Amino acid sequence: MVSSFEGISVAFWWVNHKQTYSAEVGGGYIWSPMTNRNGSKNQTYINLTLTKPGDVVISYAGGFIKAIGLVAAPCSEKSKPSEFGSAGDSWSDTGWEVPIDWELLEKPIRPKDHLGLIAPLLPSKNSPLQPNGNGNQSCYLAGISEALGNLVLSLANRVNPDFTDDIVQHQAELEGDAIEAAIKASTLEVTEKLQVIKARIGQGLFRSNLEAIEPACRVTGVTNKALLIAGHIKPWAQCKENADRLNGNNGLLLSPHIDKLFDRGWITFTDSGDLICAKPSIEQALRQWGVELPLNVGPFNSKQAAFLTYHRDEIFKADPIAAA
C-alpha cells in the first residue's frame with residue numbers, strides 16, 4: 001500500500017508549478033513564499049510545512065502530470081531560488097522549501113483525459129484543478145485524498161510499467177533512513193546500535209546468525225558466501241523489534257538476481273519450500289536464468305515459516321489474474 005507503512009502515515013500532495021516546473025523538478029525541490037503578495041496567509045503555501053518525508057507529491061504543469069516524487073526531508077525556511085528568474089519577480093525572497101526526490105514519467109498523464117474519474121475525488125476547498133480540468137492558478141500545493149493519490153499512481157503505472165513499484169521501493173528506503181536515524185539517536189548501547197544498523201545492509205551479527213542456518217542460495221545452489229546477499233524475509237524497516245532485525249531465521253542467503261525478485265515481492269516460498277512466482281513474466285525470467293520450474297527448495301523451519309507468512313501476506317505481489 002503506497003499510502004501507509006506500519007505505524008507511519010503517508011500523505012498525498014499535488015503541486016501546480018507551470019512557471020517553475022523546470023527549476024523545481026530539475027533542482028529536486030518545491031518552493032513557495034510564506035504569504036500572498038499582500039501579506040495574507042495562503043493555505044497552499046502553508047501546506048509545505050505540513051509535508052513529511054515519504055509523502056507523495058504529484059507534479060502538474062502545462063496541463064500534464066509529468067513527474068511524481070517523494071518528500072526527501074522536512075520543510076525549511078529558504079530564500080527564493082535564483083533559478084526562478086523573472087518567474088518569481090512578484091514573490092517575496094523568503095519562503096519555504098521542501099526537498100523532493102522526483103521520478104519523471106516517460107509518458108505524462110493528461111488529467112483532462114481522465115476527468116470523469118478525477119473530478120469526483122478533487123477536494124472541495126483548495127482544489128488543484130477546476131471543474132473543467134484546467135489547473136487552478138491560485139493553488140500551489142494542495143492536499144489530496146488517498147483515493148485520488150492512488151488513482152493518479154494507477155494511471156501512471158498503466159502507461160509507465162512498474163512506476164508505482166519504484167515509488168514504493170523508494171518510499172521504503174526513506175522509511176528505513178528515518179528508522180536508522182532514530183536508532184542512532186536512541187539510548188541503545190553503541191555496539192547494539194552498530195549491529196542493528198549493519199543488519200539493514202545484511203552484514204554483521206545478522207549475517208552471522210543467518211549463515212549458521214542457511215548454507216547456500218536455495219534457488220541456485222551457490223555456496224560461495226561472497227557471492228550471496230543476506231536479506232531479510234520480513235523487511236528490516238518493517239520489523240518492530242531489533243531482535244527481529246538480527247534474527248537469522250528472518251533471512252535468506254540468495255544469489256543477487258534471486259534476492260532482487262524476493263525483495264521486490266515477485267517471488268516467495270511456501271513453508272514446505274515451493275517457489276511461487278507473482279506473474280508469468282517472472283517465471284520466464286527464471287527459466288532464462290536456468291532455473292527449472294516448478295521448483296521446491298526444501299522445507300523451512302517453524303521460525304522461518306513465521307516470517308515467510310508475513311512475506312506472502314504483505315510483500316508478495318500476487319497477480320490475481322495469473323492466480324485465477
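Quick caveat: nothing in here was measured; it's all calculated off a predicted structure. Hydrogens, waters and symmetry mates play no part in the numbers below; they use all other heavy atoms, side chains included.
Between E314 and Q238, the side chains place no donor N or O within less than 3.5 Å of an acceptor N or O (distance only, hydrogens not considered). A donor-acceptor contact closer than 3.5 angstrom links the side chains of K112 and N134. With hydrogens and angles left out, the side-chain atoms of N47 and W13 include no donor and acceptor closer than 3.5 Å. For the residue pair N36 and S40, a side-chain donor N or O sits within less than 3.5 Å of a side-chain acceptor on the partner.
Looking at I58, I65, L117, V152 one by one, the single match for side-chain contact (heavy atoms from CB on, under 4.5 Å) with P111 turns out to be I65. Among P128, S32, P33, the one residue that satisfies the side-chain contact (heavy atoms from CB on, under 4.5 Å) test with Y140 is S32.
A distance of 5.5 Å separates CG of L253 from CG of L228, quoted to the nearest 0.5 Å. Here N136 contributes atom CG and N126 contributes atom CG; the two are 8.0 Å apart, rounded to the nearest 0.5 Å. A distance of 8.0 Å separates CD in Q203 from NZ in K198, rounded to the nearest 0.5 Å. Remark: I267 CD1 to K279 NZ distance equals 13.5 Å, nearest 0.5 Å.
Counting non-hydrogen atoms of other residues, nucleotides and ligands closer than 6.0 Å to NZ of K225 gives a total above 12.
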Under the criterion side-chain hydrogen bond (donor to acceptor under 3.5 Å, both in side chains), I'd like the reasoning laid out for S92 against T94: C-alpha separation, chi angles, the key distance, then a yes or no.
CA-CA 6 Å; S92 64; T94 303; 5.7 Å; no
Between D244 and N250, does the side-chain hydrogen bond (donor to acceptor under 3.5 Å, both in side chains) criterion hold? Intermediate values first, please.
CA-CA 7 Å; D244 286 343; N250 183 23; 6.0 Å; no
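A cation-pi arrangement is absent between R312 and F307, since the terminal nitrogen or guanidinium carbon is not both under 6.0 Å from the aromatic centre and inside a 45° cone about the axis.
Using the six-membered ring where Trp is involved, W289 and H257 have ring planes that are perpendicular, over 60° apart on the 30 and 60° scheme. Using cut-offs of 30° and 60° for the angle between ring planes, the W102 and H17 rings count as tilted. Note on ring orientation: taking the six-membered ring where Trp is involved, the planes of Y60 and W14 are tilted (angle from 30° to 60°).
Under the 4.5 Å side-chain heavy-atom criterion for Ile, Leu, Val, Met, Phe, Trp and Tyr, V15 and L121 are members of distinct hydrophobic clusters.
A centroid separation of less than 6.0 Å is found between the aromatic rings of F262 and H311. You'll find the ring centres of F316 and W266 outside the 6.0 Å limit.
Evaluation of the side-chain contact (heavy atoms from CB on, under 4.5 Å) rule for E106 yields N160 as partners, not counting sequence neighbours.
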